[in-house]
Amino acid sequence: QEEEDRKKKEYEAMYTPDGKRRKSPELLKFWKAVEDDPNDFTGWTYLLQHVDASGILEHGREAYDQFLFRYPYCYGYWKKYADFEKKNGDAPEKCMMVFERGIKAISLSADLWIHYLNHVREVYSDQPEFIRAQYERSVEACGREWRSDKLWDHYIKWETKIEDSKDESSDGAPGNSKDKHYDRVLK
């Protein structure tokens, strides 16, 4: 009975009556700073670092959602949010949802697209047509932007890898027919 009472007290200390995780005094301090001055970018970064380190899913989601509502063009934080979901999340589709929100907010970010495409390649490695469709979306969205060359290179390298794994070139050396791959991507 004593053990059961102790566990109940521990639970009550960690969770509110509706089952939500209580915020630590330190977390509340970081929240107070950004609530007092929502334009304090440094305060937000401290809050996000804290929730990243804690790994508590609901606290991280709340902080990232509030931050990205205020600063939607910070591609690096969309990336961090997706990584946070991937590491701590309870559902893989939540990570994809974060990416979708990010690329919708800043569709011209080749860096965010590349991070998204790396995730897609990892999760959907057995679905090359889906991966290709995501590459097509990315180059349609930002393939003509300055510095999109790294996105194109990423796409071409993936296509080259796929082609080479299907059918080695005539001399047996992978990647010797780059013109074929450039033509394929540029169609």
Steps toward side-chain contact (heavy atoms from CB on, under 4.5 Å) verdict (N39, R70) | CA-CA 9 Å; N39 295 319; R70 181 166 289 283; 3.3 Å; yes
Stepwise side-chain contact (heavy atoms from CB on, under 4.5 Å) check, M97 with E85 | CA-CA 10 Å; M97 288 171 51; E85 278 290 343; over 6 Å; no
May I have the step-by-step check of side-chain contact (heavy atoms from CB on, under 4.5 Å) for L27 and S54, ending in yes or no?
-> CA-CA 10 Å; L27 179 58; S54 76; over 6 Å; no
Could you give me the CA-CA distance, side-chain angles and deciding distance for Y116 and W113, then say whether ring-ring contact (aromatic ring centres under 6.0 Å, His included) is met?
-> CA-CA 5 Å; Y116 166 71; W113 275 107; 5.8 Å; yes
Worked check of side-chain contact (heavy atoms from CB on, under 4.5 Å) between H115 and W78 = CA-CA 10 Å; H115 192 65; W78 286 108; over 6 Å; no
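Side-chain contact between H154 and W158 is absent, with no heavy atoms from C-beta onward closer than 4.5 Å. The shortest distance between side-chain heavy atoms of R121 and Y135 falls below 4.5 Å. Using a 4.5 Å heavy-atom threshold, the side chains of Q127 and V120 count as separate.
Atom-to-atom distance recorded for K157:NZ and D153:CG is 5.5 Å, nearest 0.5 angstrom. From I56, atom CD1 reaches atom CZ of F84 across 8.5 Å, with rounding to the nearest 0.5 Å. One finds the CD1 atom of I114 at 9.5 Å from the OG atom of S148 (value rounded to the nearest 0.5 Å). From L68, atom CG reaches atom NZ of K80 across 11.5 Å, with rounding to the nearest 0.5 Å. Here the straight-line distance linking atom NE2 of H119 with atom CD of Q134 works out to 10.5 Å at 0.5 Å rounding. Note that the CD atom of E122 and the CD1 atom of I131 stand 11.0 Å from one another [nearest 0.5 Å].
Considering all non-hydrogen atoms of both residues, S138 and L117 come closest at OG-CD1, 3.8 Å. Residue C142 comes nearest to L151 through the heavy atom pair SG-CD2, 3.5 Å, listed as atom of the first residue, atom of the second, then distance.
For the side chain to side chain donor-acceptor pair (under 3.5 Å) criterion with D111, the lone passing option out of K79, K150, R147 is K150.
Cluster annotation: Y46 is connected to W44 through the hydrophobic network of ILVMFWY side chains, with a link wherever side-chain heavy atoms come within less than 4.5 Å. Side-chain heavy atoms closer than 4.5 Å link hydrophobic residues (I, L, V, M, F, W, Y) into clusters, and following such links, possibly through other members, connects Y124 to V139. Under the 4.5 Å side-chain heavy-atom criterion for grouping Ile, Leu, Val, Met, Phe, Trp and Tyr, F67 is connected to Y73 within one hydrophobic cluster. F41 and W31 fall within a single hydrophobic cluster, where Ile, Leu, Val, Met, Phe, Trp and Tyr are joined by side-chain heavy atoms under 4.5 Å apart, directly or via other members.
The ring of Y77 has its center no closer than 6.0 angstrom to the ring center of Y71.
Remark: K86 NZ is packed, more than 12 non-hydrogen atoms of other residues, nucleotides or ligands lying under 6.0 Å away.
In summary, K87 and D83 do not engage in a salt bridge, as defined by a charged side-chain N under 4.0 Å from a carboxylate O. A salt bridge links R132 to E129: one of the charged nitrogens lies within less than 4.0 Å of a carboxylate oxygen.
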Distance-only donor-acceptor pairs under 3.5 Å for side chains of residues 101-110, two or more places apart:
unit_1: R101; atom_1: NH1; unit_2: D65; atom_2: OD1; d: 3.0
unit_1: R101; atom_1: NH2; unit_2: D65; atom_2: OD1; d: 3.3
unit_1: S109; atom_1: OG; unit_2: L112; atom_2: N; d: 3.1

